[in-house]
Amino acid sequence: MYDEHNLKKEALIMNGLNILNDPYQNKGTAFTKAERASLNLNGLLPPVVQSISQQTQQVYAQYQTKPTALAKRQFLMTIFNENRTLFFKLFSQHVAEFMPIVYDPTIAESIENYSRLFVQPQGAAFLSIDDPQDIETTLRQAAGERRIRLIVVTDAEEILGIGDWGTNGVDIAVGKLMVYTAAAGINPSEVLPVALDVGTDNQALLDDPLYLGNRHARIKGDAYHQFVDQFVTTANQLFDNLYLHFEDFGRDNAAVLLNQYKDQYTIFNDDIQGTGIITLAGILGALNISKQQLTDQIYLCFGAGTAGAGIAAQICAEFMRHGLSEAEAKQHFYMVDKQGLLFDDDPTLTPEQRPFARARSEFDHPDELTNLLAVVKAVHPTIMVGTSTQPGTFTQAVVTEMAAHAERPIIFPLSNPTKLAEAKASDLIKWSDGRALVATGVPSPDVTYGSITYHIGQANNALVYPGLGLGVIASTAKVLNDQMISAAAHSLGGIVDASEAGAAVLPPVSKLNDFSTTVATAVAQSAVVQQLTRTKIDDVDAAIIQTKWTPEY
């Protein structure tokens, strides 16, 4: 048996091991000698004390040896799981390089392989519709003693362009929160990824013996909505001033849930609002370059799902902020899906599609408008946004037809991952004779055409949602409304250098940290002006600085 001395010694060792096993506290070999002594770490680490710079150099060298993007992401996740301080220091030094590894497009492959590659839950909370009585207990246990200010939650019904991935989709919530911290300085100890496992309709997952989620079809209807409502209500009761970010919910639920909760809680749906903000920002940036007016544009949406309809709603609201009535604004919009142009006599239209459906009487030959090219010929759009997940559908014929009637056509193939994009930026520049103003949903290299090098903006939600969240949290906003969203888009679109030949319509990911603060300031200021804050904010800049995480390196 241990004597009292041995018991105390064992307790001290366990105390030190607990720190090393806690990714929020662990600094590895960067603990100083004084810290090692005070935290009972002596003998639990190699004797050499490294600086954070030495650690990042060492880890980055290991990272560079990994042969594939997925292997690089797995390696970075190991660091993330062990040492948050080191991970985010490394991320901050290589933001542009790491974004496509940590997030889109590599995250799609990570999600597809999540169950097979599972090592540890990465601090996530897994809530099962089969055990709704456990929601509160699970959220409390996942949070521990931490103050949770931001939750990213998904039910993973429509992940990126790859569909229903059940519990595997938790990786999208983890990835989003990484970007919140790396881009906007949200404290990683104050965030929580949440997976709502309501089943899956992905038969391949249900047949996979390694799949880690519930093995039944998705639960829908009243039972689903009661489960989600119990989660939303419980989370807001447990965590004060919570910012709740919805991610990759299906088209039948995303807008319904947003509309249900947006006036009660501080709610954000990235697929509806985030994609709309970044697209609006890109359009504003493009118009800064072309010197044209928004209200002179004709907008064509190709792909009328959650993202496409959400984007159209955001852009339409901006038309109205420019003085048009709702009816006048909607006359500028055309929505095309797999069946062609959406008409108002179609009984299958969703509530989000219906406002943009057109009357057949507007056209001489409406029955011929069954494909994208036919619609482009009929309506002569000046803006074309793709959220269809149909690769290659912005063909040369479509683009040349559009460019024949638009001086500076604005073309955004936003579907991702890369294999699902409607077009390549290089083709769009070539087919429009260098006149197209392009943004893509995934990273795209510069395009040289003639004597000009065109910089291609990435219309990635990661350019906007981190700053938006920082502004909301720093201002203690009670809700997130359209005015705050518009402020975010204008702040981002205004960063474009319109005087540069071949300028991108959106700022580069490499400056993500800088313009996230710009977005946060605009959003927080809007909340203050509208008197939507829970606490009195006298100095927006100071509130943002106080909110941002300043890790001890």
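In this text, all values refer to a predicted model and were calculated from it rather than measured experimentally.
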Participant: Nearest 0.5 angstrom please: Gln74 CD to Ile79 CD1, how far?
Facilitator: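 If I round to the nearest 0.5 Å, the distance is 13.0 Å.
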Participant: Does a side chain donor of either Glu247 or Thr154 reach within less than 3.5 Å of an acceptor in the other side chain?
Facilitator: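 No donor-acceptor contact under 3.5 Å links the two side chains.
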Participant: Should the heavy atoms of other residues, nucleotides or ligands under 6.0 Å from NZ of Lys72 be counted, would the total exceed 12?
Facilitator: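 Enclosed: over 12 neighbouring heavy atoms sit under 6.0 Å from NZ of Lys72.
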Participant: Less than 3.5 Å apart, any donor N or O on the side chain of Asn187 or Ser189 sitting next to an acceptor on the other?
Facilitator: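 Yes, a side-chain donor-acceptor pair sits under 3.5 Å.
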Participant: Does some side-chain heavy atom of Asn81 sit less than 4.5 Å from a side-chain heavy atom of Phe87?
Facilitator: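 SC-SC contact between Phe87 and Asn81 ruled out.
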Participant: Drop me the distance from Gln525's CD to Asp541's CG, to the nearest 0.5 angstrom.
Facilitator: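 If we round to the nearest 0.5 Å, Gln525:CD and Asp541:CG are 8.5 Å apart.
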Participant: Flag the pair Asn168 / Tyr211 as yes when at least one side-chain heavy-atom distance between them is below 4.5 Å, and no otherwise.
Facilitator: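 Yes - at least one pair of side-chain heavy atoms lies under 4.5 Å apart.
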Participant: Look at the side chain of Glu35 and the backbone N and O of Thr32, then say whether any donor-acceptor pair between them is shorter than 3.5 Å.
Facilitator: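 Indeed, once roles are kept as given, a pair shorter than 3.5 Å links the two residues.
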Participant: Give, for atom CD of Glu112 and atom CG of Asp171, the distance between the pair rounded to the nearest 0.5 Å.
Facilitator: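 So the CD of Glu112 and the CG of Asp171 are separated by 11.5 Å.
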Participant: Roughly how far, to the nearest 0.5 Å, is the CD1 atom of Ile172 from the CG atom of Leu177?
Facilitator: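 Leu177 CG to Ile172 CD1: 10.5 Å, rounded to 0.5 Å.
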Participant: Kindly say whether the aromatic ring centers of Phe268 and Tyr465 come within a distance under 6.0 Å.
Facilitator: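 Ring centroids of Phe268 and Tyr465 are no less than 6.0 Å from each other.
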Participant: Checking the side chain of Thr167 only, and the main-chain atoms of Gly213 only, is there a donor and an acceptor separated by less than 3.5 Å?
Facilitator: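 Checking the backbone N and O of Gly213 against the side chain of Thr167, no donor-acceptor pair under 3.5 Å is found.
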Participant: Would Leu480 and Leu468 count as a side-chain contact (heavy atoms from CB on, under 4.5 Å) here? Give the steps.
Facilitator: CA-CA 9 Å; Leu480 173 63; Leu468 185 75; 3.9 Å; yes
Participant: Validate the cation-pi geometry between Arg84 and Tyr24: distance from NZ or CZ to the six-membered ring centre under 6.0 Å, angle to the ring axis within 45°.
Facilitator: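 Because its charged atom sits under 6.0 Å from the ring centre and within 45° of the axis, Arg84 does stack over Tyr24.
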Participant: For Tyr224 and Phe227, what are the C-alpha separation, side-chain angles and deciding distance, and is it a ring-ring contact (aromatic ring centres under 6.0 Å, His included)?
Facilitator: CA-CA 5 Å; Tyr224 170 87; Phe227 176 63; 7.6 Å; no
Participant: Name the one of Asp197, Asp164, Asp201 that satisfies side chain to side chain donor-acceptor pair (under 3.5 Å) with Arg218?
Facilitator: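 Of the listed options, the one satisfying the test is Asp164.
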Participant: Step by step, would you call Met77 with Met178 a side-chain contact (heavy atoms from CB on, under 4.5 Å)?
Facilitator: CA-CA 10 Å; Met77 290 308 301; Met178 288 177 176; 2.9 Å; yes
Participant: Would the Tyr265 and Tyr243 ring centres measure less than 6.0 Å apart?
Facilitator: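 Ring centroids of Tyr265 and Tyr243 are no less than 6.0 Å from each other.
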Participant: Between the side chain of Thr389 and the main-chain N/O of Leu420, is any donor-acceptor distance below 3.5 Å?
Facilitator: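 No, the answer is negative, given that no donor and acceptor are paired below the 3.5 Å cut-off.
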Participant: Does the side chain of Phe246 come within less than 4.5 Å of Val232's, by heavy atoms?
Facilitator: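 Yes, side chains in contact.
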Participant: Kindly indicate whether the side chain of His455, heavy atoms from C-beta on, has any atom under 4.5 Å from the side chain of Val505.
Facilitator: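 A side-chain contact under 4.5 Å is absent here.
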Participant: Do Phe249 and Leu258 come close enough that some side-chain heavy atom pair is under 4.5 Å?
Facilitator: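 SC-SC contact between Phe249 and Leu258 ruled out.
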Participant: Side chains of Tyr261 and Asp229: do they bring a donor and an acceptor to under 3.5 Å?
Facilitator: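 Looking only at side-chain atoms, Asp229 and Tyr261 do form a donor-acceptor pair, the distance falling under 3.5 Å.
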Participant: Counting neighbours of CD on Gln64 that are heavy atoms of other residues, nucleotides or ligands and sit closer than 6.0 Å, is the number greater than 12?
Facilitator: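 Enclosed.
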Participant: Do Thr275 and Asp270 pair up side chain to side chain, a donor and an acceptor below 3.5 Å, judged on atom types alone?
Facilitator: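 No.
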Participant: Will you find, in the side chains of Asn241 and Thr476, an N or O donor that is under 3.5 Å from an N or O acceptor?
Facilitator: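 No, no side-chain donor-acceptor contact under 3.5 Å.
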Participant: Determine whether a donor-acceptor pair (N or O, by modelled atom type, separation under 3.5 Å) exists between the side chain of Thr65 and the backbone of Gln62.
Facilitator: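 Judged by distance alone, yes, a pair lies under 3.5 Å.
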Participant: Within the side chain of Gln273, is there an N or O that forms a donor-acceptor pair under 3.5 Å with the backbone of Asn269?
Facilitator: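 A pair under 3.5 Å: yes.
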Participant: Using every non-hydrogen atom in the two residues, find where Ile537 and Val528 come nearest and quote the distance to one decimal.
Facilitator: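 So the two residues come closest at CB-CG2, 3.8 Å.
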Participant: Do His94 and Tyr63 have ring centres separated by under 6.0 Å?
Facilitator: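 Aromatic pair excluded; centres sit 6.0 Å or further apart.
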Participant: Within the structure provided, determine whether Glu157 and Asp248 are in side-chain contact (heavy-atom separation under 4.5 Å).
Facilitator: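 A side-chain contact is absent here, since even the closest heavy-atom pair is not under 4.5 Å.
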Participant: Can you check whether Leu212's main-chain N or O pairs, donor with acceptor, with Ser115's side chain at less than 3.5 Å?
Facilitator: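 Indeed, once roles are kept as given, a pair shorter than 3.5 Å links the two residues.
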Participant: Restricting to side chain to side chain donor-acceptor pair (under 3.5 Å), what partner residues turn up for Arg147, sequence neighbours left out?
Facilitator: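 Arg147 satisfies side chain to side chain donor-acceptor pair (under 3.5 Å) with no residue once adjacent residues are dropped.
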Participant: Is there a donor-acceptor pair under 3.5 Å between the side chain of Ser475 and the backbone N or O of Gly471?
Facilitator: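 Yes; at least one donor-acceptor contact below 3.5 Å.
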Participant: Which heavy atom in Ala156 sits nearest to a heavy atom in Gly169, and how many Å separate them?
Facilitator: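 Taking Ala156 first and Gly169 second, the nearest heavy atoms are CB-CA, 3.8 Å.
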Participant: Going by heavy atoms in the side chains, are Asn460 and Ile278 under 4.5 Å from each other?
Facilitator: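 They are not in contact (no side-chain heavy atoms under 4.5 Å apart), so the answer is no.
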Participant: Would you name the heavy atoms of Val540 and Ala524 that are closest together and state the gap between them?
Facilitator: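 Where Val540 meets Ala524 most closely, the heavy atoms are CG1-CB, 3.6 Å.
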Participant: Tell me, do Leu139 and Thr234 make a side-chain contact under 4.5 Å, heavy atoms counted?
Facilitator: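 Yes, at least one pair of side-chain atoms sits under 4.5 Å.
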Participant: Could you check whether any side-chain N or O of Arg36 sits under 3.5 Å from a backbone N or O of Asn42, counting only pairs where one atom can act as donor and the other as acceptor?
Facilitator: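 Judged by distance alone, no pair lies under 3.5 Å.
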Participant: Check whether the side chains of Gln458 and Ser444 place a donor and an acceptor atom closer than 3.5 Å, and report yes or no.
Facilitator: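 No.
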Participant: Quick check: closest heavy atoms across Phe231 and Val194, and the distance to 0.1 Å?
Facilitator: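 Looking at all heavy atoms of both residues, the shortest contact is CE1-CG1, 4.0 Å.
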Participant: Of the non-hydrogen atoms in Val464 and Ile277, which two are nearest, and what is the gap between them?
Facilitator: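 Heavy atoms only, the tightest pair is CG2-CG2, 3.2 Å.
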Participant: Can you list the residues that meet the side chain to side chain donor-acceptor pair (under 3.5 Å) rule with Thr266, with sequence neighbours excluded?
Facilitator: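 Thr266: side chain to side chain donor-acceptor pair (under 3.5 Å) contacts with Arg534.
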Participant: Between Phe98 and Leu90, does the side-chain contact (heavy atoms from CB on, under 4.5 Å) criterion hold? Intermediate values first, please.
Facilitator: CA-CA 9 Å; Phe98 282 9; Leu90 185 66; 3.6 Å; yes
Participant: Within the supplied structure, the quantity of interest is the number of heavy atoms (other residues, nucleotides, ligands) at a distance under 6.0 Å from Gln133 CD; does it exceed 12?
Facilitator: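 Result for CD/Gln133: enclosed.
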Participant: Judged by modelled atom types alone, do His216 and Asp130 share a side-chain donor-acceptor pair under 3.5 Å?
Facilitator: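 Present: a donor and an acceptor within the cut-off.
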Participant: For the OG1 atom of Thr200 and the CG atom of Leu205, what is their distance to the nearest 0.5 Å?
Facilitator: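 Going from the OG1 atom of Thr200 to the CG atom of Leu205 covers 5.0 Å.
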Participant: Checking Glu190 side chain against Leu150 main chain: does a donor-acceptor pair fall under 3.5 Å?
Facilitator: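 Checked: no pair found.
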Participant: For a quick test of reading the model, state the closest non-hydrogen atom pair linking Ile107 to Gly175 and the distance between them.
Facilitator: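 Minimum heavy-atom contact is CD1-CA, 4.0 Å.
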Participant: List the steps, then state whether side-chain contact (heavy atoms from CB on, under 4.5 Å) holds for Leu196 with Phe126.
Facilitator: CA-CA 6 Å; Leu196 301 182; Phe126 297 85; over 6 Å; no
Participant: Whether Asp240 and Arg149 form a salt bridge (side-chain N of Lys/Arg under 4.0 Å from carboxylate O of Asp/Glu) is what I want to check.
Facilitator: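 No, this pair does not count.
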Participant: Check whether the side chains of Asn481 and Gln530 place a donor and an acceptor atom closer than 3.5 Å, and report yes or no.
Facilitator: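 Checked: Asn481/Gln530 side chains pair up, N/O donor to acceptor below 3.5 Å.
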Participant: Report the distance from atom CD1 of Ile485 to atom CD of Gln314, rounding to the nearest 0.5 Å.
Facilitator: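 It comes to 4.5 Å.
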Participant: Under a 3.5 Å cutoff, is there a donor and acceptor pairing between the side chains of Lys548 and Thr517?
Facilitator: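 There is such a pair between these side chains.
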Participant: Tell me if a side-chain donor or acceptor on Thr440 pairs with a main-chain N or O of Pro413 at a distance below 3.5 Å.
Facilitator: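 Answer holds: no.
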